[in-house]
Number of protein chains: 2
Amino acid sequence: MSELTISQIAQQAGIRPSTIRYYESINVLPEPRRVSGQRRYDETILERLAFIQVTQKLGFSLTEIQQLLQSHNEDAQLSEQWQNIAQQKLVQVELLLQRASNVKQLLSQGLQCGCSNLLDCIQCVLLNCNSAQR
Amino acid sequence: MSELTISQIAQQAGIRPSTIRYYESINVLPEPRRVSGQRRYDETILERLAFIQVTQKLGFSLTEIQQLLQSHNEDAQLSEQWQNIAQQKLVQVELLLQRASNVKQLLSQGLQCGCSNLLDCIQCVLLNCNSAQR
DNA sequence: GTACAGGTTAAAGTTGACTTGAAGTCAAGA
DNA sequence: TCTTGACTTCAAGTCAACTTTAACCTGTAC
């Protein structure tokens with residue numbers, strides 16, 4: 001039941017207080033309760049912030065994240081809508097995962113083979129050349 | 001040896017001609033040869049554009065991408081620099097891969113369990129609840 | 001030869017995601 | 001009571017990554 005201030009939350013989440021206020025202003029975060037005008041949060045907000053951070057890194061816009069987070073206490077249509085968005089996003093995440101593992105391979109093989117630039121490495125990976133070429 | 005115009009390249013890469021000119025202006029793409037003032041490309045540019053697109057999605061800035069692409073025909077120091085950047089980036093990509101697969105699990109399990117919003121689903125995934133709850 | 005489709009540049013505008021600044025409120029401590 | 005530190009709002013500023021605009025050029029088709 002511990003109640004945290006905006007800067008405590010910010011610190012734990014690794015972001016700035018202004019970011020939290022901004023998220024609230026665009027409805028990505030709900031309005032928290034207040035103590036003499038100041039925001040107070042419980043720790044569940046951290047879960048939400050973590051989700052926002054990861055999905056952002058995955059290329060979701062804040063508008064999309066807001067849609068994902070907000071088909072709540074609404075009718076069945078919106079629940080369907082969330083399923084649709086989630087389905088779309090799932091496809092995108094899968095694609096990104098594939099491509100990311102290609103880049104991962106490119107980078108790590110590049111580090112092994114000792115190519116001096118990336119386009120060399122692309123060739124190197126495509127040709128499956130493992131030998132160091134200095 | 002087919003020579004393609006800027007809009008043909010743009011179409012194949014799924015971007016706009018203006019983006020290609022922009023990339024050239026910030027040295028992410030090399031200056032192409034010209035025919036009476038107009039840019040002409042061969043298809044290898046598509047490889048480079050594909051790489052740019054993926055790495056961008058993975059969170060690299062254009063400045064970082066430029067660094068990765070440009071430690072070329074330069075001395076050994078720059079080659080080392082590219083190895084350093086590649087090493088750093090590899091760590092980031094691995095982290096992102098982990099997190100992405102969490103989100104993937106969240107989204108796909110969310111679709112299975114029929115939760116009507118994401119925070120329910122986070123709970124659902126954490127509690128390992130597989131049953132549909134309507 | 002003139003219209004037109006598609007290219008060119010340089011500069012200004014846009015968008016998303018924040019950050020900063022100014023001016024004010026509030027509670028606790030000296 | 002007065003200062004201090006941490007909060008508040010609202011508006012304006014910033015930054016990356018493009019896009020749009022305006023004015024112009026060029027090769028081909030009629």
Side-chain angles (χ1 to χ4, degrees), chain A residues 2-42 45-46 48-70 85 89 92 96, chain B residues 2-42 45-46 48-70 85 89 92 96:
Chain A
S2 56
E3 290 233 304
L4 302 168
T5 65
I6 195 168
S7 48
Q8 290 174 317
I9 292 294
Q11 206 200 337
Q12 290 198 38
I15 57 178
R16 301 200 188 184
S18 66
T19 307
I20 296 179
R21 290 192 200 98
Y22 171 65
Y23 286 169
E24 188 184 322
S25 78
I26 61 168
N27 296 313
V28 163
L29 292 181
E31 293 189 10
R33 104 182 187 84
R34 304 248 177 171
V35 171
S36 63
Q38 299 191 1
R39 293 168 177 80
R40 290 298 135 87
Y41 300 90
D42 60 30
I45 198 80
L46 291 169
R48 200 161 173 141
L49 283 170
F51 178 80
I52 294 170
Q53 286 178 305
V54 178
T55 44
Q56 261 192 316
K57 284 236 160 192
L58 291 175
F60 298 24
S61 70
L62 286 174
T63 308
E64 289 171 325
I65 293 169
Q66 190 227 348
Q67 290 180 310
L68 276 175
L69 288 168
Q70 270 197 354
I85 300 170
K89 286 301 164 187
Q92 288 177 27
L96 188 65
Chain B
S2 57
E3 291 233 303
L4 301 168
T5 65
I6 196 168
S7 47
Q8 289 172 318
I9 292 294
Q11 207 199 336
Q12 290 197 40
I15 57 178
R16 302 201 189 183
S18 65
T19 307
I20 295 179
R21 291 193 199 97
Y22 171 66
Y23 286 168
E24 188 185 322
S25 78
I26 60 169
N27 297 313
V28 164
L29 292 181
E31 293 190 10
R33 105 181 186 86
R34 304 245 178 175
V35 171
S36 61
Q38 298 191 359
R39 292 169 178 82
R40 289 299 135 88
Y41 300 90
D42 62 30
I45 197 79
L46 291 170
R48 199 162 174 139
L49 283 170
F51 178 79
I52 294 170
Q53 286 179 306
V54 179
T55 44
Q56 262 192 315
K57 284 237 160 192
L58 291 175
F60 298 24
S61 71
L62 286 174
T63 307
E64 290 172 325
I65 293 169
Q66 192 227 346
Q67 289 180 311
L68 276 175
L69 289 168
Q70 270 197 351
I85 300 171
K89 285 302 166 186
Q92 289 177 24
L96 188 64

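Letters A, B, ... are given to chains in the order of the sequence lines, protein chains preceding strands, and every chain is numbered from 1.
Of the candidate nucleotides D/dT9, C/dG7, C/dC18, C/dC18 has the atom lying nearest to any side-chain atom of A/Gln56. Distances were taken from every side-chain heavy atom of A/Ser36 (C-beta onward) to each of D/dT20, D/dC18, C/dA27; the shortest belongs to C/dA27.
A donor-acceptor pair under 3.5 Å is formed between the side chain of B/Gln53 and the backbone N or O of B/Ala13.
A residue-by-residue look at A/Gly37 and B/Glu24 shows that B/Glu24 has its nearest nucleotide of DNA chain C further toward the 5' end. Between B/Phe60 and B/Arg16, the residue anchored nearer the 5' end of DNA chain D, judged by the nucleotide with its closest heavy atom, is B/Phe60.
For A/Thr63, the side-chain contact (heavy atoms from CB on, under 4.5 Å) partners are A/Ser61, not counting sequence neighbours.
Going from atom CZ of A/Arg21 over to atom CD1 of A/Ile6 covers 4.0 Å, rounded to the nearest 0.5 Å.
Among the heavy atoms of the strands, none lies under 4.0 Å from A/Arg40. Within 4.0 Å (heavy atoms only), B/Ser18 reaches at least one base atom of the nucleic acid. Within 4.0 Å of B/Arg21, counting heavy atoms only, lies at least one base atom of the nucleic acid. In this structure, B/Ile26 reaches neither bases nor backbone, as no heavy-atom distance under 4.0 Å exists between it and the strands shown.
The side chain of A/Arg34 places no N or O atom within less than 4.0 Å of a non-bridging phosphate oxygen (OP1 or OP2) of C/dT25. Remark: B/Tyr22 is not in phosphate contact with D/dA16, judged by side-chain N or O atoms under 4.0 Å from OP1 or OP2. The side chain of B/Thr5 contributes no N or O atom lying less than 4.0 Å from OP1 or OP2 of C/dG6. Phosphate contact (OP1/OP2 of D/dC18, side-chain N/O of B/Tyr23, threshold under 4.0 Å): present. Contact annotation: A/Thr19 side-chain N/O to C/dT19 OP1/OP2 distance is under 4.0 Å.
In this structure the side chain of B/Ile45 never reaches within 4.5 angstrom of the side chain of B/Ile20, judged on heavy atoms.
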